[in-house]
Amino acid sequence: MTTNEPICLFNTLSRKKETFAPIKEGQVEMYTCGPTVYDYAHIGNFRAFLFEDLLKRWLQYKGYKVTHVMNLTDIDDKTIKGSQKQGIPLRQYTDFYAAAFFEDIKALNIAPADVYPRATDHIPEMVQIIKKLLSKGVAYKGDDGSIYFSVAKFPDYGKLSHLKVGELKAGARVNQDEYAKEEAQDFALWKAWTPEDGDVYWETELGKGRPGWHIECSAMSTKYLGETFDIHCGGVDNMFPHHENEIAQTEAATDKTFVNYWMHNEHLQVEGKKMSKRFGNFYTLRDLLAKGYDPITIRYLLISTHYRQQFNFTFEGLESAKAAVERLRNFVRRLHEAEGTIATEKVATLTAKLEACFSGSMDDDLNVAVALSSVFDFVREMNALLDTNLVSKEQAADIGGLMMRIDGVLGVIGKVEVEEALSADIDAMVQKREEARKAKNWKEADAIRAQLKAMGIVLEDTAQGIRWHKEKK
RNA sequence: GCUGGGGUGGCCGAAUCGCUGAGGCGGUAGCCUGCAGAGCUGCUUUAUAUGGGUUCAAUUCCCAUCCCCAGCUCCA
């Protein structure tokens with residue numbers, strides 16, 4: 001299954017598509033910025049996680065063994081405020097949203113990461129890096145007791161975001177109270193305790209306080225993946241300052257290249273506007289599920305647009321995605337039910353074309369749109385052959401296997417219901433309808449069919465006899 | 001203000017300096033069917049924001065204009 005064709009990925013560092021070459025042959029180590037567990041994640045968050053899932057699945061399809069680390073940010077202003085508001089310990093508060101997050105990604109068929117390190121479980125590792133930065137003179141203790149990274153001491157600062165330090169809009173959103181920093185662009189590695197933090201603090205060699213935001217990713221990624229690893233992903237908003245700062249503090253500490261390939265996904269809009277609570281177009285996954293949408297439909301919609309393209313989420317798009325997924329499932333269902341005896345050579349041609357086109361498109365920086373078009377082309381042409389009984393049962397089984405392999409990347413078809421287990425009473429209804437049909441008692445036949453439909457059983461009369469399948473909600 | 005991305009048919013969304021620009025969804029007509037569903041076929045589809053320029057040839061390159069979006073210190 002492994003092909004030798006290289007994968008091209010767009011690297012934010014170079015702003016170019018580059019041929020991907022992992023550090024260790026046949027293995028990929030990737031780190032993706034996970035959620036801050038202070039609330040339910042929204043569909044914009046999931047676009048990022050779905051992009052990363054697609055990337056990982058594609059690497060695996062290509063035969064790489066992927067080690068995937070996704071952090072959970074459980075210590076920052078928002079989690080502290082949230083837990084204080086509810087009057088419960090920080091850990092209890094973040095545990096709740098972490099659990100919700102795991103439920104959500106399961107619903108979206110996102111393959112789990114190998115490790116989900118939490119910031120609060122890695123304070124000693126962070127302290128170690130900060131100590132090293134202090135000893136190297138690239139970090140300093142401010143008047144407020146906090147420890148800051150001195151951006152001026154890291155000449156490469158800005159290489160990821162392509163922002164020049166001197167051109168940053170000084171003071172735009174910088175806390176005016178932060179006089180403790182030597183330079184406005186310096187960022188906190190360790191935040192000294194303040195009364196607002198309440199009982200959230202760690203007594204460390206750095207003093208009483210809590211870690212800055214960026215340091216957790218440096219500490220946890222290098223702990224689980226090493227000082228240099230292959231891929232680091234996140235949303236575009238993380239590019240600056242978060243990832244830029246990660247690079248600065250990590251590379252300053254290790255004197256090694258931190259990450260070879262940086263990949264960032266674009267944001268989504270909802271109905272043409274930035275998603276925000278103010279516009280009333282802010283949706284968590286749960287909001288959409290409550291409206292009755294299948295999470296897999298949402299998955300399909302969110303992966304079907306290229307990850308570096310801004311994506312406009314609409315409910316019309318969701319309906320469209322639902323129909324597209326249904327088309328794929330219908331096709332796979334047909335394959336299961338195929339009873340043909342004639343093997344056609346054309347099948348092999350179409351199959352080869354599909355594999356080559358799908359693979360080639362995905363290799364090109366995950367060009368899903370073209371990859372999907374090759375799948376739909378294949379489905380249409382195969383359906384035509386199935387219509388005329390030019391596919392043998394064995395061929396259909398092979399194609400079914402291929403579709404499952406492809407779905408190992410897309411993750412939208414899943415297990416398609418085949419008619420195996422009909423409960424006795426439902427079976428009796430189907431039989432009854434058949435008798436009514438044979439007697440040309442259409443009225444009764446249609447009534448039973450409607451009744452079954454209401455129970456989620458869809459009947460189909462075909463030339464080969466009656467078929468049924470469960471309707472996917 | 002600075003930096004970056006983008007404007008393709010009813011909607012979503014590919015691709016490319018030239019073989020009359022994929023695919024999905026929707027609508028519609030036909031085939032099939034008792035009907036429906038699924039599927040197939042045709043049509044919708046002489047769709048590349050606007051105006052210039054370069055070129056044998058541009059949707060693709062350049063310039064200008066209009067519009068949308070993003071980043072500019074803790075929001076995926």
[X] side-chain proximity, nearest of [options]:
X	options	value
A/Asp446	B/rA14, B/rG24, B/rC35	B/rC35
A/Ala323	B/rU73, B/rC40, B/rG26	B/rG26
A/Gln310	B/rC40, B/rA70, B/rC11	B/rA70
A/Ala369	B/rA22, B/rC40, B/rG34	B/rA22

When you check the phosphate oxygens OP1 and OP2 of [N], does a side-chain N or O of [X] lie under 4.0 Å from one of them?
X	N	answer
A/Asn383	B/rC40	yes
A/Lys191	B/rC74	no
A/Asn367	B/rA15	yes
A/Ser320	B/rG26	no

Handout entry: Residue met sooner reading RNA chain B from 5', once A/Lys443 and A/Phe311 are mapped to nucleotides
Key =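 Residue closer to the 5' terminus by nearest nucleotide: A/Phe311.
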
Practice task
Let me know, please, whether A/Gly34 or A/Ser373 comes out on the 5' side of the other along RNA chain B by nearest nucleotide.
Solution key: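 Whichever sits nearer the 5' end wins; that is A/Ser373.
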
Problem - Ring geometry between A/Phe313 and A/Tyr283 (parallel below 30°, tilted from 30 to 60°, perpendicular above 60°) - result: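 Tilted, since the angle between the ring planes falls between 30° and 60°.
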
Handout entry: Side chain A/Asn330 and base B/rG37 donor-acceptor under 3.5 Å
Key =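 A donor-acceptor contact between them is absent.
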
Problem - B/rC69 base / A/Gln269 side chain donor-acceptor hit below 3.5 Å - result: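 Counting by modelled atom types and ignoring angles, no donor-acceptor contact under 3.5 Å is found here.
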
Problem - A/Thr73 and A/Tyr38, any side-chain heavy atoms less than 4.5 Å apart - result: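 A side-chain contact is absent here, since even the closest heavy-atom pair is not under 4.5 Å.
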
Handout entry: Side chain to side chain, A/Val332 and A/His336, heavy atoms closer than 4.5 Å
Key =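 In contact.
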
Handout entry: Watson-Crick/G-U partner (both atom distances under 3.5 Å) of B/rC66
Key =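 Checking every strand shown, B/rC66 finds its partner in B/rG7, with both distances under 3.5 Å.
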
Practice task
Write down the distance between CD (A/Glu266) and P (B/rC68), rounded to a whole number of angstrom.
Solution key: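 My rounded result for the distance is 17 Å.
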
Exercise for the section: Using whole Å, report how far CZ of A/Arg327 lies from C1' of B/rC40. Expected result: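 Those two atoms, CZ and C1', are 10 Å apart.
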
Practice task
Could you measure between the two C1' atoms, the one in B/rG27 and the one in B/rA70, and give it in whole Å?
Solution key: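 Result for the C1' pair: 35 Å, nearest Å.
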
Handout entry: Pairwise C1' distance, B/rA29 and B/rC19 [rounded to whole Å]
Key =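 Per the computed distance, 31 Å lies between those C1' atoms.
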
